[in-house]
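Encoded as structure tokens, the structure appears first; notes follow it.
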Amino acid sequence: FGLPTVLKRGSSQASPSAALADTFEMEGSPSTVGSPNAVRPRGRCLPCRVRSRVLGWIVVIVVLAVALLGIWVSFGWFSASSALPASLASAHAEDCLRRPGFALRVAFVGNSFTYYNDLPHLVQGLLARSLTGNATSVQVGACLHGGQSLDSIWTKGARQSDEEKIGGHDMFPTVRALLSNPCGWDAVVLQDHSLGPALPDSRAEGLDVLAEHYEPLLRQNAGVSPPPLVVLYQTWGYREPQKGLDLGELHKQFDTLTWKLEQGYGSYAEELRRGGLEVAVAPAGQAFKRVHDRSPDLWWQLYQSDNKHPTALGSYLNGAHLATAVVEHPRFRDLFGAGLKLQTSWPADVRPYGDNAPPSDKDLQRVLAIAGPIELR
């Protein structure tokens, strides 16, 4: 920053007067001030150089502050939705404790299988229409990133563009920011990669990240007691065989993959319970299997053209099972005296993925009659 040197080179000590003389050191031989032979000082006046030093340090402080803020944001220690310091989190949480008029809070961590057809707000609506107890509303938050696993989304956080898929709001930048929100959560939905729990290596990776990163934050729940109910969103096999997957005979790949996913999510449930958490599994994969076995033509309509992702019809079936996992848990039964109230019409405030047309009421009735929460028991 061009800060002046006070001590002369080659000298270990200098008096204030010597330092001042050094500040006004002349080029050429010394001369008497005011002499005709006097030359112009090489440096600026002392006040000017002191001011330059102060400005230099201000620049250093500003640069360091910006760098620290960037690190803070990247690790999820700050977000627009979770901006309170940890020291204030417990005090702020007191305002979120249950009382007449409180909001039921549900968080979602996952990828495109969750953001297709805005599943978080679809579930929000299903739960809100069924409330009969002290809760008057349902709030949701999400950390979603297409193509990611529970492990990679922990590292990468949400993808900003994916927020548009859930209505442009309620997205948190990182899993840490989501699960550390000062108000805590009543339920947290976890969804791994569509193959992750089915394959040995990625299943082991999922178990490790749950134990190391997710469980501590879930148990803490931002100081709000008790920890949230963890709802595992068990996904399904692909509609058509995928090349390169060693999942048995190709014509049985849907059955094989769905069965292995069920096993994998069962392992996740065991790990979370060992960690002291309450767990429910939303059996969306089993629901797809039920439709596959009983109505192949309707099963075909559960998939997008990529043979993986759910259509709005598939998401409604999944949302019904996710909402049921919350409604029927003993912790929340007093809030839903009449159980889940399923409407056989697509909600007007939820946009299907890609602006596709919503499913017909008739198809919703058919799919729920075959594989809805009641029929699947």
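Numbers here simply count residues along the sequence, with the first being 1.
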Which of these passes side-chain contact (heavy atoms from CB on, under 4.5 Å) with Val230: Val281, Val189, Leu190?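 Filter result, single survivor: Leu190.
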What I want to check is whether the side chains of [X] and [Y] have a donor and an acceptor closer together than 3.5 Å.
| X | Y | answer |
| --- | --- | --- |
| His121 | Asp170 | yes |
| Gln148 | His193 | no |
| Tyr238 | Ser194 | yes |
| Asp192 | Tyr268 | yes |
| Ser149 | Ser152 | yes |
| Asn117 | Arg351 | no |

Side chain [X], main chain [Y], donor-acceptor under 3.5 Å:
| X | Y | answer |
| --- | --- | --- |
| Thr114 | Gly110 | no |
| Asn221 | Pro226 | yes |
| Thr344 | Gln365 | no |
| Arg105 | Gly184 | yes |
| Asp306 | Lys308 | yes |
| His321 | Ala371 | yes |
| Asn356 | Tyr353 | yes |
| Ser112 | Gly146 | no |
| Thr258 | Trp236 | no |
| Ser130 | Leu126 | yes |

To the nearest 0.5 Å, what is the distance between [atom1] on [X] and [atom2] on [Y]?
| X | Y | atom1 | atom2 | value |
| --- | --- | --- | --- | --- |
| Leu322 | Leu119 | CG | CG | 5.5 Å |
| Glu205 | Leu210 | CD | CG | 10.5 Å |
| Ser295 | Ile370 | OG | CD1 | 4.5 Å |
| Asp118 | Leu144 | CG | CG | 9.5 Å |
| Asp363 | Leu317 | CG | CG | 12.0 Å |
| Phe288 | Arg239 | CZ | CZ | 10.5 Å |

How close do Ser315 and Tyr116 get, counting heavy atoms only, and between which atoms?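 Shortest heavy-atom separation between Ser315 and Tyr116 comes out as OG-O, 3.6 Å.
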Please find the pair of heavy atoms, one from Phe332 and one from Val326, that lie closest to each other, and give the distance.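 Residues Phe332 and Val326, closest heavy atoms: CD1-O, 3.3 Å.
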Going by an N to O cut-off under 4.0 Å, is there a salt bridge joining [X] and [Y]?
| X | Y | answer |
| --- | --- | --- |
| Glu271 | Arg274 | yes |
| Asp297 | Arg366 | yes |
| Arg333 | Glu328 | no |

Asn111 and Ile153: side-chain contact (heavy atoms from CB on, under 4.5 Å), yes or no, with the steps? CA-CA 8 Å; Asn111 55 38; Ile153 197 173; over 6 Å; no
Assess whether ring pair (Phe, Tyr, Trp, His ring centres under 6.0 Å) is satisfied between His309 and Tyr303, documenting all intermediate values. CA-CA 6 Å; His309 291 95; Tyr303 292 84; over 10 Å; no
Residues Phe254, Glu240; criterion side-chain contact (heavy atoms from CB on, under 4.5 Å); working and verdict: CA-CA 7 Å; Phe254 168 78; Glu240 290 189 347; over 6 Å; no
Quick one: sort the His213 and Trp154 rings into parallel, tilted or perpendicular, breaks at 30° and 60°.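 Taking Trp154 first and then His213, their aromatic rings lie parallel (interplane angle under 30°).
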Is Trp259 reachable from Trp299 through a run of I, L, V, M, F, W or Y residues, each pair having side-chain heavy atoms under 4.5 Å apart?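 Different clusters.
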Counting only heavy atoms from other residues, nucleotides and ligands, does the tally under 6.0 Å from CD of Glu164 exceed 12?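 For Glu164, atom CD is not crowded (no more than 12 foreign heavy atoms under 6.0 Å).
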For Phe336 and Leu104: C-alpha separation, side-chain torsions, deciding distance, then whether side-chain contact (heavy atoms from CB on, under 4.5 Å) applies. CA-CA 11 Å; Phe336 302 96; Leu104 181 73; 3.8 Å; yes
Which is it for Gln191 and Tyr265 under the side-chain contact (heavy atoms from CB on, under 4.5 Å) test, yes or no, and what are the steps along the way? CA-CA 9 Å; Gln191 179 248 318; Tyr265 278 104; 4.2 Å; yes
